[in-house]
Amino acid sequence: QVQLVESGGGSVQAGGSLELSCAASGYTGRVYFMGWFRQAPGKEREGVAVIDVAGITSYADSVKGRFTISKDNAKNTLYLQMNSLQPDDTAVYYCAADPRALQRDAALRLYYDISYWGKGTLVTISS
């Protein structure tokens with residue numbers, strides 16, 4: 001089992017920045033894929049950014065150029081740096097992980113039943 005705990009959410013004005021963190025514990029050596037997903041009120045969950053064990057990343061078109069996903073393997077921590085935030089970015093952000101070598105773009109589209117999820121952290125952007 002892998003446990004994921006997100007932190008760093010909060011409320012900022014449009015144009016601001018936030019950095020989310022996701023601390024992983026448990027059988028972290030089995031994790032091949034990690035990513036960030038979000039769910040806005042009244043909408044379905046969507047992929048934001050993903051990273052594989054080699055550090056290769058993929059992003060949703062809506063966040064390209066504004067968000068950066070990274071990980072610190074020594075700390076078992078995943079990050080999401082979010083810049084130029086807009087009200088449409090308001091959502092609960094979830095960290096996810098999986099022991100399989102998921103195809104990144106397919107994972108962004110939630111084609112897989114991803115194994116491990118955090119409980120989420122709320123990000124609210126005001127205009």
Side-chain angles (χ1 to χ4, degrees):
Q1 286 284 347
V2 175
Q3 293 78 43
L4 304 171
V5 179
E6 303 96 337
S7 61
S11 298
V12 297
Q13 290 189 326
S17 298
L18 281 174
E19 184 179 54
L20 305 183
S21 300
C22 171
S25 61
Y27 292 106
T28 56
R30 298 176 56 189
V31 170
Y32 185 93
F33 161 93
M34 296 191 77
W36 290 98
F37 296 78
R38 67 186 181 186
Q39 188 164 16
K43 295 187 178 180
E44 294 187 350
R45 190 172 297 188
E46 63 177 2
V48 176
V50 299
I51 187 168
D52 65 20
V53 70
I56 301 172
T57 60
S58 293
Y59 295 90
D61 288 343
S62 59
V63 307
K64 281 181 182 176
R66 300 189 298 125
F67 291 11
T68 302
I69 187 172
S70 63
K71 61 179 179 174
D72 185 330
N73 292 325
K75 295 182 179 180
N76 290 323
T77 301
L78 181 73
Y79 302 97
L80 184 68
Q81 177 65 44
M82 305 186 293
N83 298 326
S84 301
L85 284 161
Q86 299 301 317
D88 284 349
D89 296 316
T90 294
V92 177
Y93 283 71
Y94 298 92
C95 174
D98 200 282
R100 297 167 292 173
L102 305 181
Q103 201 282 328
R104 294 187 310 279
D105 289 339
L108 269 178
R109 293 169 174 78
L110 288 164
Y111 286 172
Y112 302 103
D113 184 12
I114 296 174
S115 298
Y116 306 111
W117 292 89
K119 293 184 177 180
T121 185
L122 177 62
V123 172
T124 304
I125 312 302
S126 58
S127 58

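The figures that follow rest on heavy atoms only: side chains count, while hydrogens, waters and symmetry mates do not.
Asp72 and Thr77 are not linked by any side-chain donor-acceptor pair at a separation below 3.5 angstrom, with hydrogens and angles left out of the test.
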Please lay out, stage by stage, how Arg38 and Leu80 fare under the test side-chain contact (heavy atoms from CB on, under 4.5 Å).
CA-CA 12 Å; Arg38 67 186 181 186; Leu80 184 68; over 6 Å; no
Between Tyr32 and Asp98, is a side-chain contact (heavy atoms from CB on, under 4.5 Å) present by the stated rule, with each step listed?
CA-CA 6 Å; Tyr32 185 93; Asp98 200 282; over 6 Å; no
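Here the rule is side-chain contact (heavy atoms from CB on, under 4.5 Å) with Phe33, and of Val53, Ile51, Asp52, Val50 only Val50 fits it.
Hydrophobic clustering places Val48 together with Val12 (ILVMFWY residues linked when any side-chain heavy atoms are closer than 4.5 Å, directly or through intermediates). A continuous path of ILVMFWY side-chain contacts below 4.5 Å connects Val92 to Ile114, so both sit in one hydrophobic cluster.
For Tyr112, the OH atom sits in a packed shell: over 12 heavy atoms of surrounding residues, nucleotides or ligands are nearer than 6.0 Å.
Residues Tyr116 and Pro99 are in side-chain contact: their nearest non-hydrogen atoms beyond the backbone lie under 4.5 Å apart. With contacts defined as side-chain heavy-atom distances shorter than 4.5 Å, the pair Cys95/Trp36 qualifies. You'll find the side chain of Tyr59 reaches within 4.5 Å of the side chain of Ile69, heavy atoms only. Using a 4.5 Å cut-off on side-chain heavy atoms (C-beta onward), Val123 and Leu20 make contact. When side chains are defined from C-beta on, Leu4 counts as touching Met34, because their heavy atoms get closer than 4.5 Å. Between Arg66 and Met82, every side-chain heavy-atom pair lies at or beyond the 4.5 Å cut-off.
A distance of 15.5 Å separates OG in Ser21 from NZ in Lys71, rounded to the nearest 0.5 Å. Taking CG of Leu78 as the start and CG of Asn73 as the end, the distance is 10.0 Å to the nearest 0.5 Å. Rounding to the nearest 0.5 angstrom, the gap separating the OH atom in Tyr111 from the CG atom in Leu102 is 14.0 Å. Residue Gln3 holds its CD atom at 9.5 Å from OH of Tyr27, rounded to the nearest 0.5 Å. The distance from the OG atom of Ser62 to the CZ atom of Phe67 is 7.5 Å, given to the nearest 0.5 Å.
Considering every non-hydrogen atom in both Ser84 and Ser17, the closest pair reads N-OG, 4.3 Å. The shortest non-hydrogen separation linking Ala107 to Phe37 is O-CE2, 3.4 Å. Looking at every heavy atom in both residues, Tyr94 comes nearest to Gly118 through CD2-O, 3.5 Å. Looking at every heavy atom in both residues, Leu108 comes nearest to Ala60 through CD1-N, 3.9 Å. The shortest heavy-atom contact between Ser127 and Ala14 is CA-CB, 4.3 Å.
Here Glu6 does not pair with Lys119 in a salt bridge; the nearest charged N to carboxylate O distance is not below 4.0 Å.
Between the side chain of Thr90 and the main chain of Ile125, a donor-acceptor pair closer than 3.5 Å is present.
Qualifying ring pair (Phe, Tyr, Trp, His ring centres under 6.0 Å) partners for Tyr93, counting only residues two or more places apart in sequence or in other chains: none.
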